[in-house]
2 protein chains.
Amino acid sequence: MSAANTGVPAPLDTPLPSPVPGDEHDQCPVTDVLRRIGDKWTVLVVVLLGQRPHRFNELRRGIEAISQRMLTRTLRGLEKDGLVHRKVFATIPPSVEYRLTPLGRSLLEPLSGLARWAVEHQPAIAASRRVNNLPPRTS
Amino acid sequence: MSAANTGVPAPLDTPLPSPVPGDEHDQCPVTDVLRRIGDKWTVLVVVLLGQRPHRFNELRRGIEAISQRMLTRTLRGLEKDGLVHRKVFATIPPSVEYRLTPLGRSLLEPLSGLARWAVEHQPAIAASRRVNNLPPRTS
DNA sequence: CTGGATCCATCCTGATACTG
DNA sequence: CAGTATCAGGATGGATCCAG
């Protein structure tokens, strides 16, 4: 935190990859990533796997509220995108280990930036939600 | 960029606010924020407003593919959370100006971090998606 | 110009039951 | 243990029409 809120729009060292083509109907990478990790469980799983590799039911116990189905789906999505590696041990009973790939680990860093912002400003957002519970506009 | 990808897991200066309570059924602030900005249009609107204030139809033209309804909904959501300020000019015809609040502007920074990651790794993700188009596992 | 109201298709998520 | 299959409810997004 150096020059924080001086009132100036803050010229951002990374200009965010341009508004969008407009007439292009496929979305920009940013939106794409946001939608991938913006679901209900992905971030939780990534964070857990960021600590160490986990087995399936280990993740399940770590999250608790997640259903078996959603954990599978979440892991499949992450695996498909190359963020998580799935390693099967042909034992009896079978066991499967999930771990972040280097690509997946590289996500932890920008994610932590957003996490810090979220934790820091969550009270302000919550407050704004309470106040601005859509009171009729002037009328 | 100092120590970038050395292969080591990178110990993250911000440890991401802990996995989750587990038995708590309300989500952590990070998930909350991710779900707010993880929808189809929010980030696009925020980015546009990050450049300068816009009027309603100006935003609409800037995004093009967005429907009137979704632009309204997106803006209402951002307004409710205190990220966007809505200023009405009682002219004829009426005009409304939207601009980021300081809170909204503060989001641009962590967002740009994620944006940089997305742009940088989007090719790898796309490639992984093509390869891993869910080929039947062994079978 | 700005936006509300409706209707509808689709996606996401959860609960439950079953399998190698 | 680690999943898959199926069904149902809610959320999300789009099209269209109407209004101040």
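In what follows, chains are A, B, ... by sequence order, proteins preceding strands, each numbered from 1. Reckoned from all heavy atoms, side chains included, excluding hydrogens, waters and symmetry mates.
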Axis deviation across the helix from C/dC1-D/dG20 to C/dG20-D/dC1, five-pair ends, to the nearest 10°: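 The angle, to the nearest 10 degrees, is 40°.
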Go along nucleotides 14-20 of chain C 5' to 3' and tag each nucleotide: B for a protein heavy atom under 4.0 Å from its base, S when only backbone or sugar atoms are that close, - otherwise. BB-B--B
If I take atom [atom1] in residue [X] and atom [atom2] in nucleotide [N], what distance separates them, rounded to the nearest angstrom?
X	N	atom1	atom2	answer
A/Arg76	D/dT4	CZ	C1'	10 Å
A/Arg36	C/dC11	CZ	C1'	14 Å
B/His54	C/dC1	NE2	P	16 Å
A/Leu71	D/dT4	CG	P	11 Å
A/Glu58	D/dA2	CD	P	9 Å

Please collect all ring pair (Phe, Tyr, Trp, His ring centres under 6.0 Å) contacts where either partner lies in residues 70-121 of chain A, sequence neighbours excluded, each pair once.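 Every pair satisfying ring pair (Phe, Tyr, Trp, His ring centres under 6.0 Å) with a residue in residues 70-121 of chain A: A/Trp117-A/His121.
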Give one of base, sugar-phosphate or nothing for B/Tyr98, where a contact means two heavy atoms less than 4.0 Å apart.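 Sugar-phosphate, backbone atoms only, no base.
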Would you please name every residue forming a side-chain hydrogen bond (donor to acceptor under 3.5 Å, both in side chains) with [X], sequence neighbours left out?
X	value
A/Arg36	A/Asp81
A/Thr42	A/Asp39
A/Gln68	none

Please round to the nearest 0.5 Å and tell me the distance separating atom CG of B/Leu78 and atom CG of B/Leu100.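 Between B/Leu78 CG and B/Leu100 CG, I get 8.0 Å after rounding to 0.5 Å.
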For the side chain of B/Arg86, starting at C-beta, report the closest nucleotide among C/dC1, C/dT2, D/dA2.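 In terms of side-chain proximity for B/Arg86, the closest of C/dC1, C/dT2, D/dA2 is C/dT2.
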